[in-house]
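This report concerns only the one structure given below.
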Amino acid sequence: MAVATEYKTNLKPVWCPGCGDFGVLAAFTQAFSALGLRKENIVIVTGIGCSSRIAGYLNVYGFNSIHGRTLPIATGVKIANPHLTVIAAGGDGDAYSIGIGHIPHAARRNIDITYLVMDNEIYGLTKGQQSPTSPLGIYSSSTPLGTYERPLNTLEMLLSFNATFVAQAFSGDTKHLVELIIKAIKHKGFSFINCISPCPTYRGGMQIFKDIRAKLRYLDEEERDVSEKELAYRIARTKDYIPIGVIYQEEVDEYERVLEALREKSGAKKEIGLEEVLSTFIA
């Protein structure tokens, strides 16, 4: 079994000092090691932004896709080879702005991939503009008078899309994040983790970590029915604290199993050799 450091490349991350994404990188390597995953059986697909650089720092198959198209490419990889562990990753801009149209379809299909969004509530790569999750009233380079657009409630959004695994994490607690990533990868179906990953450069300095920690409440999955959706909605909508942990989970056949059943029903062959394909074009 590979140790955590073997899942990292020799590239030095160019993230700003204190960036929450360092915690996510560490958590991925530790989770892969704990699960005993072979490096050649892991694929990480990313989009554009600070967080999407993570594909270059993980010593697994990586695909740095175009802006906002992380999920359709990850879906294609998983359908092409269902035996792979497929991870999709990106930031709140890549996921909830240009890429938001792909989320409901990946969720409703229940494709067996893990989607982790590093949410720093700002556009970090382009120097600190308002993002879809920026809180009301904060000052940014694009909102010098303060934000006036209400932020998305991404947890509530994913619940409404019928995602079968919805969780929230904090990159400042690597140990807990590792546990959530392991649960997400083990879950058969679409797993979504909104990871609060602070940007101290454009969102409040290092104080932002202390402010977030003061509001965290860790959810105990053993004390409640995680498949109770109304309760999950109440947790997602709360403004009294920041919920951390598995918010909702249900067991539904993943997309790959549904496709396999359709193939069997139609009589289609699982594999077709190259010669057989060419023979259909050559008399």
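Counting begins at 1 with the first residue of the sequence. Only this structure's heavy atoms are used, side chains among them; waters, hydrogens and symmetry mates stay out.
For the pair S51 (side chain) and G91 (backbone), a donor-acceptor distance under 3.5 Å is present. In terms of modelled atom types and a separation under 3.5 Å, the side chain of N59 and the main chain of E6 share a donor-acceptor contact. Judged by distance alone, with hydrogens and angles left aside, the side-chain atoms of T114 form no donor-acceptor pair with the main-chain N or O of S191 at under 3.5 Å. Between the T29 side chain and the A26 main chain, a donor and an acceptor come within less than 3.5 Å of each other. Although no hydrogens or angles enter the test, the distance criterion places no donor-acceptor pair under 3.5 Å between the side chain of E121 and the main chain of R203. Judged by distance alone, with hydrogens and angles left aside, the side-chain atoms of D119 form no donor-acceptor pair with the main-chain N or O of C195 at under 3.5 Å. Formation of a donor-acceptor pair under 3.5 Å by the D112 side chain with backbone atoms of P82 is not found in this model.
Among pairs with a residue in residues 12-28, those fulfilling side-chain hydrogen bond (donor to acceptor under 3.5 Å, both in side chains) read D21-S197, at least two apart in sequence or across chains.
Here the side chains of N81 and V77 are not in contact, with every heavy-atom distance at 4.5 Å or above. Side-chain contact between I235 and R224: present, with at least one pair of heavy atoms (C-beta onward) separated by less than 4.5 Å. R234 is listed as a side-chain neighbour of L231, based on a closest heavy-atom distance under 4.5 Å. Using a 4.5 Å cut-off on side-chain heavy atoms (C-beta onward), K78 and Y255 make no contact. P198 is listed as a side-chain neighbour of S171, based on a closest heavy-atom distance under 4.5 Å. In this structure, the side chains of V117 and T154 stay at 4.5 Å or more apart for every pair of heavy atoms. Within the 4.5 Å cutoff, side-chain heavy atoms of K183 are placed close to those of F165. Side-chain contact between Y96 and S131 is absent, with no heavy-atom pair separated by less than 4.5 Å.
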Show which side-chain atoms of residues 37-50 pair as donor or acceptor with protein atoms under 3.5 Å away, not counting sequence neighbours.
residue, atom, partner, partner atom, Å
R38, NE, E40, OE2, 2.7
R38, NH2, E40, OE2, 2.6
T46, OG1, S52, O, 2.9
T46, OG1, N64, ND2, 2.8

Side-chain donor-acceptor pairs under 3.5 Å in residues 239-252, sequence neighbours left out?
residue, atom, partner, partner atom, Å
Y248, OH, E250, OE2, 3.2
Q249, NE2, H187, ND1, 3.0

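A106 and L71 get closest at one heavy-atom pair: CB-CD1, 4.1 Å. Contact between L155 and A167 at its shortest, heavy atoms only, is CD2-O, 3.9 Å. Smallest separation of non-hydrogen atoms from A236 and L159: CB-CD1, 4.0 Å. Heavy atoms only, all atoms of each residue included: I182 and A31 are closest at CG1-CB, 3.9 Å. When all heavy atoms of P13 and L25 are compared, the pair lying nearest together is CG-CD2, 4.1 Å. Contact between P200 and M206 at its shortest, heavy atoms only, is CB-SD, 3.7 Å.
Taken together through direct or relayed side-chain contacts under 4.5 Å among Ile, Leu, Val, Met, Phe, Trp and Tyr, L136 and I208 form parts of separate hydrophobic clusters. Cluster annotation: I122 and L152 are assigned to distinct hydrophobic clusters (Ile/Leu/Val/Met/Phe/Trp/Tyr, side-chain heavy-atom contacts under 4.5 Å, transitive). F22 and F32 end up in the same hydrophobic cluster when Ile, Leu, Val, Met, Phe, Trp and Tyr side chains are linked at under 4.5 Å. V60 and I185 fall within the same hydrophobic cluster, where Ile, Leu, Val, Met, Phe, Trp and Tyr residues are linked whenever their side-chain heavy atoms come under 4.5 Å apart, directly or through other members. Linking ILVMFWY side-chain heavy atoms closer than 4.5 Å, directly or via other members, places L145 and I138 in two distinct hydrophobic clusters.
Rounded to the nearest 0.5 Å, atoms CG (L177) and CZ (F28) are 7.5 Å apart. Within the model, atoms CG of N120 and CD1 of I196 stand 11.5 Å from one another, a figure rounded to the nearest 0.5 Å. We find the CD-NE2 distance between E179 and H176 to be 6.0 Å, quoted to the nearest 0.5 Å. Within the model, atoms CD1 of I73 and CZ of F63 stand 4.5 Å from one another, a figure rounded to the nearest 0.5 Å. Considering NE2 of H83 and CD of E256, their distance stands at 10.5 Å, rounded to 0.5 Å. Within the model, atoms CG of L11 and CZ of R53 stand 11.0 Å from one another, a figure rounded to the nearest 0.5 Å.
A donor atom on one side chain and an acceptor atom on the other are not found under 3.5 Å apart for N110 and E254.
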Derivation and outcome, side chain to side chain contact (heavy atoms under 4.5 Å, CB included), residues Q129 and T143: CA-CA 7 Å; Q129 296 85 4; T143 57; over 6 Å; no
Y123 and Y202: CA distance, side-chain angles, deciding distance, side chain to side chain contact (heavy atoms under 4.5 Å, CB included) verdict: CA-CA 9 Å; Y123 287 149; Y202 297 109; over 6 Å; no
Test log, rule side chain to side chain contact (heavy atoms under 4.5 Å, CB included), inputs K186 and L35: CA-CA 9 Å; K186 285 183 175 181; L35 288 167; 3.6 Å; yes
Derivation of the side chain to side chain contact (heavy atoms under 4.5 Å, CB included) call for L84 and Y61: CA-CA 10 Å; L84 295 173; Y61 283 109; 5.9 Å; no
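Between Y115 and F190, the ring-plane angle classifies as tilted under the 30° and 60° cut-offs.
Paired with I193 under the rule side chain to side chain contact (heavy atoms under 4.5 Å, CB included), one option of V166, I181, V24, L158 passes, and it is I181.
Y233 OH: more than 12 foreign heavy atoms inside a 6.0 Å radius. At most 12 heavy atoms of other shown residues, nucleotides or ligands fall within 6.0 angstrom of atom NZ in K8.
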